[in-house]
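Only one structure is covered here, and it is reproduced in the block below.
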Amino acid sequence: MSTIVVWFRRDARLDDNPAWTAGAQADTVQPLFVIDPSLFDVVSPLRRALLVSGLAGLDSSLAALGGRLRVEFGDPRQVVRSVAAETGATEVFINREVTPFGKARDEQVGRRIRLCEFEGNTVHPIGSVTTASGGPYRVFSAFYRSWSDRLVEPYDQGRSGATIADNPGSPLPSVDESSISGGESAAQERLSRFRTRIDRYDIDRDVPGIDATSRLSIDLKYGWIGPRDVVAATAGDSKGRKAFVRQLAWRDFYANVLEAFPDTVNREMRPNLRDIAWREDSDGFAAWQSGQTGYPLVDAGMRQLRGEGWMHNRVRLVAASFLVKDLLIDWRRGERHFRRMLLDGDVAQNVGNWQWVAGTGTDASPYFRVFNPVTQSRRFDPDGTYIRRWVPELRDVPADLVHSPWTAGPLELAAHGVRLGENYPEPIVDHAMARERAIGAYRFVSGES
């Protein structure tokens with residue numbers, strides 16, 4: 001009688017899960033999730049609650065098949081080996097990780113028991129979309145062309161007659177109730193709702209004041225839904241569908257970049273931009289974190305992050321650019337903060353996007369691309385709907401002033417209930433000056449005159 005341990009990590013689902021499909025062909029399969037306190041204890045309470053909700057959902061799916069999800073606490077390097085020994089398993093099936101932390105952990109686990117790796121976290125297997133010479137792509141547009149030309153491999157749904165072990169292990173930790181339901185069923189429901197508006201995605205996705213994005217990044221991060229499932233459900237000829245599938249390609253791209261260049265987690269990809277004189281500005285960083293910069297769109301985004309554990313993508317770009325270019329604070333500090341706070345805080349995507357904004361990453365855009373927070377605000381939140389939702393101090397300010405309240409006189413602002421420096425901050429930096437300062441710092445280390 002054969003027993004296989006399927007160790008769930010970022011793939012807490014049964015459909016479109018190659019590791020589960022293969023493991024369920026054994027006589028007995030032991031589903032396992034290990035909660036590592038070194039990770040669980042440092043993320044936001046919202047992240048902890050969401051993880052627990054998703055694990056409860058996976059347990060329910062397994063219970064419907066006669067088994068249970070075994071949850072254990074501790075260092076996976078010891079726990080996985082212990083569970084395998086207890087159950088008599090000689091192999092552990094996993095879906096491959098690309099983060100340096102995850103790869104190092106898996107390598108250590110694999111020294112004691114055989115790990116069988118599968119490709120379940122990207123649309124196309126990691127390393128399968130390469131340049132003509134077989135190397136990794138560094139530019140997304142070229143990667144996307146090759147990615148789009150490659151057929152998505154079909155997958156087995158993974159239903160078999162295997163006996164699923166019914167040992168639940170340790171009880172799930174007690175957490176505050178999550179505002180978002182986790183798990184495979186909830187993810188499929190979100191996908192179904194998004195499909196009703198996907199054809200306007202290309203038009204509406206940059207407007208933070210409306211509910212136009214899918215928010216499936218959270219489901220993909222935890223693996224409650226498979227990326228191939230999402231492609232199958234959303235592919236089509238409309239501009240909206242094409243724009244959305246392109247975002248899934250970006251997800252694959254950054255996973256491949258991190259696999260090929262693991263040091264980009266902590267180091268700029270561009271060698272000539274590795275010595276930027278970042279500012280040590282604790283007050284500025286704190287103001288940015290708390291949404292008190294005096295720039296309404298930036299503040300709205302950072303408050304949404306703190307309140308929901310999520311931020312609209314367009315606003316993420318603006319908020320990140322403000323930290324790196326306006327405050328000239330090291331992108332790594334912002335990346336770590338986002339990673340802790342975002343419910344969809346995926347290392348590969350987060351690092352890739354922060355390096356993109358910082359101008360130090362894979363894209364070929366010049367470093368002097370600096371988002372103007374006021375221009376972005378007026379363009380994408382013209383009537384201030386998003387700002388008023390998250391910055392209630394500016395609720396009664398008219399649209400022509402809500403993006404830059406400091407441009408109005410004190411009496412005019414007071415008529416709308418705003419007193420700069422008292423109930424809403426004055427700008428902590430002058431954008432025009434900050435832009436020139438940032439460009440100068442980048443130009444100095446790049447060797448350009």
Side-chain angles (χ1 to χ4, degrees), residues 6-17 19-20 31-37 39-65 67-73 76 94-95 97 99 102 120-122 158 164 168-195 211 213-230 233-234 248 251 304-313 338-350:
V6 176
W7 177 18
F8 291 92
R9 292 94 67 82
R10 296 182 51 212
D11 49 6
R13 65 185 185 277
L14 302 185
D15 285 346
D16 187 16
N17 187 331
W20 172 253
L32 172 67
F33 191 95
V34 182
I35 297 179
D36 185 344
L39 301 177
F40 187 76
D41 294 345
V42 299
V43 298
S44 70
L46 289 172
R47 289 254 320 243
R48 291 195 291 270
L50 191 57
L51 173 63
V52 169
S53 175
L55 293 179
L58 179 57
D59 185 46
S60 295
S61 296
L62 290 165
L65 301 176
R68 296 293 301 275
L69 174 65
R70 180 166 179 172
V71 176
E72 298 293 354
F73 290 79
I94 59 173
N95 286 306
E97 287 273 11
T99 67
N121 292 324
T122 51
I164 303 174
S170 303
L172 288 170
S174 176
V175 294
D176 293 335
E177 184 176 349
S178 175
S179 59
I180 302 175
S181 297
E184 200 162 358
S185 295
Q188 290 291 345
E189 289 176 7
R190 279 187 283 273
L191 174 59
S192 295
R193 289 196 298 270
F194 175 61
R195 289 177 66 189
D211 185 22
T213 60
S214 72
R215 298 213 182 191
L216 290 170
S217 57
I218 298 172
D219 300 294
L220 289 164
K221 181 265 185 300
Y222 287 97
W224 299 328
I225 196 168
R228 293 182 296 185
D229 258 349
V230 178
T234 58
L248 297 173
R251 184 174 177 275
Q304 183 182 27
L305 175 63
R306 186 172 56 186
E308 291 188 349
W310 192 83
M311 191 192 303
H312 187 278
N313 182 63
F338 269 31
R339 195 193 304 181
R340 285 192 301 270
M341 298 295 293
L342 283 169
L343 297 179
D344 61 5
D346 174 280
V347 175
Q349 317 310 310
N350 204 43

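Just so it is clear, the model here is predicted, and its values are computed rather than measured.
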Which heavy atom of [X] sits nearest to which heavy atom of [Y], and what is that distance?
X: Pro227; Y: Asp16; value: N-OD2, 3.7 Å
X: Arg190; Y: Ile180; value: NH1-CG2, 3.4 Å
X: Arg9; Y: Ile94; value: NH2-CD1, 3.5 Å
X: Ile35; Y: Pro173; value: CD1-CD, 3.9 Å
X: Asp15; Y: Glu184; value: N-OE2, 3.0 Å
X: Asp344; Y: Ser217; value: OD2-OG, 2.6 Å

Pairwise side-chain contact, [X] with [Y], heavy-atom cut-off 4.5 Å (strictly under):
X: Val347; Y: Arg339; result: yes
X: Leu216; Y: Val230; result: yes
X: Ser174; Y: Val52; result: no
X: Phe33; Y: Asp59; result: no

Once rounded to the nearest 0.5 Å, what's the spacing between atom [atom1] of [X] and atom [atom2] of [Y]?
X: Leu62; Y: Arg68; atom1: CG; atom2: CZ; result: 9.0 Å
X: Asn350; Y: Phe338; atom1: CG; atom2: CZ; result: 7.5 Å
X: Gln188; Y: Arg193; atom1: CD; atom2: CZ; result: 11.5 Å
X: Leu248; Y: Thr122; atom1: CG; atom2: OG1; result: 11.0 Å
X: Ser185; Y: Ile225; atom1: OG; atom2: CD1; result: 10.5 Å
X: Asn17; Y: Asp11; atom1: CG; atom2: CG; result: 4.5 Å

**Parallel, tilted or perpendicular: rings of Tyr222 and Trp224 (30°, 60°)** =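 It falls in the parallel class, under 30°.
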
**Request:** Under the salt bridge (Lys or Arg N to Asp or Glu O under 4.0 Å) rule, what do Arg251 and Asp346 come out as? Steps first, then yes or no, please.
**Result:** CA-CA 10 Å; Arg251 184 174 177 275; Asp346 174 280; 5.1 Å; no

**Message:** Test side chain to side chain contact (heavy atoms under 4.5 Å, CB included) on Leu50 and Ile218; report intermediate values, then the result.
**Reply:** CA-CA 10 Å; Leu50 191 57; Ile218 298 172; 3.4 Å; yes

**Prompt:** Does Asp41 CG have over 12 foreign heavy atoms under 6.0 Å away?
**Reply:**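 Correct, the count exceeds 12.
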
**Asked** Is the count of non-hydrogen atoms from other residues, nucleotides or ligands lying under 6.0 Å from Arg48 atom CZ greater than 12?
**Response**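 Count over threshold, so yes.
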
**Prompt:** Is the backbone of Ala56 close enough, under 3.5 Å, to the side chain of Ser60 for a donor and an acceptor to pair up by distance?
**Reply:**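 Judged by distance alone, yes, a pair lies under 3.5 Å.
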
**Item:** Side chain Arg47, main chain Leu342, donor-acceptor under 3.5 Å
**Value:** yes

**Request:** Answer yes or no: is there an ion pair linking Arg13 with Asp229, defined by an N-O contact shorter than 4.0 Å?
**Result:** no

**Request:** Decide yes or no on side chain to side chain contact (heavy atoms under 4.5 Å, CB included) for Leu14 and Leu65, but give the supporting numbers first.
**Result:** CA-CA 11 Å; Leu14 302 185; Leu65 301 176; 3.8 Å; yes

